[in-house]
Amino acid sequence: RVRADSASLHAALMEKSQHLFGTIQPITPTVIFPLSILRVSSAGNNGAVLVGESAHAFPPIGAQGLNLGLRDVAALAQCLQVANPGSYGWAQQVSRSYAGMRAGDLGRTGTFVDTLFSSLVSESLPAQLLRTSGLWALKTMPILRRGAVSVGLGK
């Protein structure tokens with residue numbers, strides 16, 4: 001956490017809102033929480049598994065953190081159902097199969113969120129145009145929107 005300069009925040013709010021809402025003035029102390037992304041190379045290894053925010057932390061762009069965490073739990077439950085806790089090395093087997101099961105989804109979702117995040121913070125006009133065009137397409141094309149929701153749900 002870093003304290004932000006209230007005057008700078010006020011100027012940024014006024015610029016971004018294009019003065020459409022009158023004067024916008026922060027009423028509480030301002031704090032900056034930098035957005036960041038955390039991804040692991042493997043969600044399971046040596047009998048340990050990472051689920052939810054311990055395996056992936058994304059900014060709230062694309063709203064994928066909760067969905068991904070729920071899919072993590074479902075995959076771990078599936079791996080534990082077929083596990084034989086009495087056998088030698090069962091935890092290592094669970095962690096390996098969980099990691100394999102989650103790798104594709106974590107990779108796809110991480111790439112999607114990272115790309116969207118990068119386009120949001122980019123000053124590049126082509127990146128902004130591409131993002132805006134993509135959002136417009138999602139808004140106006142129901143079939144594309146349904147496909148995006150399916151991907152977001154991990155289907």
Side-chain angles (χ1 to χ4, degrees), residues 1-2 4 9 11-22 24 26 30-85 90-155:
R1 262 171 49 153
V2 178
L9 177 61
L13 288 170
M14 294 305 294
E15 179 188 333
K16 293 291 182 181
S17 70
Q18 299 178 3
H19 303 272
L20 293 172
F21 307 104
I24 299 172
T30 55
V31 179
I32 296 173
F33 290 91
L35 297 178
S36 60
I37 293 176
L38 164 82
R39 292 198 289 181
V40 296
S41 58
S42 176
N45 195 13
N46 292 330
V49 297
L50 299 174
V51 178
E53 296 287 316
S54 64
H56 44 78
F58 302 126
I61 298 158
Q64 288 305 300
L66 176 63
N67 292 338
L68 206 51
L70 293 173
R71 293 195 301 269
D72 290 344
V73 170
L76 181 57
Q78 200 174 354
C79 291
L80 289 170
Q81 271 185 333
V82 297
N84 180 2
W90 72 272
Q92 287 81 357
Q93 179 56 41
V94 166
S95 66
R96 273 193 306 274
S97 77
Y98 171 77
M101 190 179 284
R102 297 302 300 136
D105 189 19
L106 292 174
R108 277 188 308 279
T109 304
T111 299
F112 165 75
V113 172
D114 194 24
T115 302
L116 187 56
F117 179 61
S118 296
S119 78
L120 286 171
V121 298
S122 173
E123 297 289 331
S124 164
L125 188 56
Q128 293 176 8
L129 181 61
L130 187 60
R131 182 191 71 244
T132 302
S133 299
L135 292 172
W136 178 83
L138 284 171
K139 177 183 175 188
T140 59
M141 298 178 195
I143 192 163
L144 189 58
R145 188 170 46 250
R146 280 191 296 274
V149 168
S150 263
V151 168
L153 294 173
K155 295 181 180 181

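This one's a predicted model, so the numbers in the text were calculated from it and none came from an experiment.
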A.B. asks: Looking at Leu50, is its backbone amide N or carbonyl O close enough to the side chain of Ser54 to form a donor-acceptor pair, meaning the two atoms are under 3.5 Å apart?
C.D. replies: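 No.
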A.B. asks: Rounded at 0.5 Å granularity, tell me how far CG in Leu68 sits from CZ in Arg108.
C.D. replies: 10.0 Å
A.B. asks: For a quick test of reading the model, state the closest non-hydrogen atom pair linking Met14 to Gly22 and the distance between them.
C.D. replies: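 Smallest heavy-atom distance, with atoms named: CE-O, 3.2 Å.
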A.B. asks: Kindly indicate whether the side chain of His56, heavy atoms from C-beta on, has any atom under 4.5 Å from the side chain of Leu38.
C.D. replies: no
A.B. asks: Show the nearest heavy-atom pair for residues Val51 and Gly69, with the distance to one decimal.
C.D. replies: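 So the two residues come closest at CG1-O, 4.4 Å.
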A.B. asks: Would one find more than 12 heavy atoms of other residues, nucleotides or ligands at under 6.0 Å from atom CD1 of Ile143?
C.D. replies: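 No, the 6.0 Å shell around CD1 holds no more than 12 heavy atoms from other groups.
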A.B. asks: Spell out, as yes or no, whether a donor-acceptor pair under 3.5 Å connects the side chain of Arg145 to the backbone of Leu138.
C.D. replies: yes
A.B. asks: Taking side chain as C-beta onward, heavy atoms only, is Leu80 less than 4.5 Å from Tyr98?
C.D. replies: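 A side-chain contact under 4.5 Å is absent here.
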A.B. asks: What is the distance from atom CG of Asn67 to atom OG1 of Thr109, rounded to the nearest 0.5 Å?
C.D. replies: 8.5 Å
A.B. asks: Judged by atom type as modelled, is there a donor-acceptor pair below 3.5 Å linking the side chain of Ser95 to the main-chain atoms of Gly44?
C.D. replies: no
A.B. asks: Side chains of Ser119 and Thr115: does their closest heavy-atom pair fall under 4.5 Å?
C.D. replies: no
A.B. asks: Taking Ser122's backbone N and O only, do any of them form a donor-acceptor pair with Gln128's side chain (distance below 3.5 Å, no angle check)?
C.D. replies: yes
A.B. asks: To the nearest 0.5 Å, what is the distance between CG on Leu13 and OG on Ser17?
C.D. replies: 7.0 Å
A.B. asks: Kindly indicate whether the side chain of Val94, heavy atoms from C-beta on, has any atom under 4.5 Å from the side chain of Val82.
C.D. replies: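 No; the side chains remain at least 4.5 Å from each other.
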A.B. asks: Are Arg39 and Thr111 close enough that some pair of their side-chain heavy atoms sits under 4.5 Å apart?
C.D. replies: yes
A.B. asks: When you check the side-chain N and O atoms of Arg96 and Gln93, is any donor under 3.5 Å from an acceptor?
C.D. replies: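 A pair is found: one side chain offers a donor N or O, the other an acceptor, under 3.5 Å apart.
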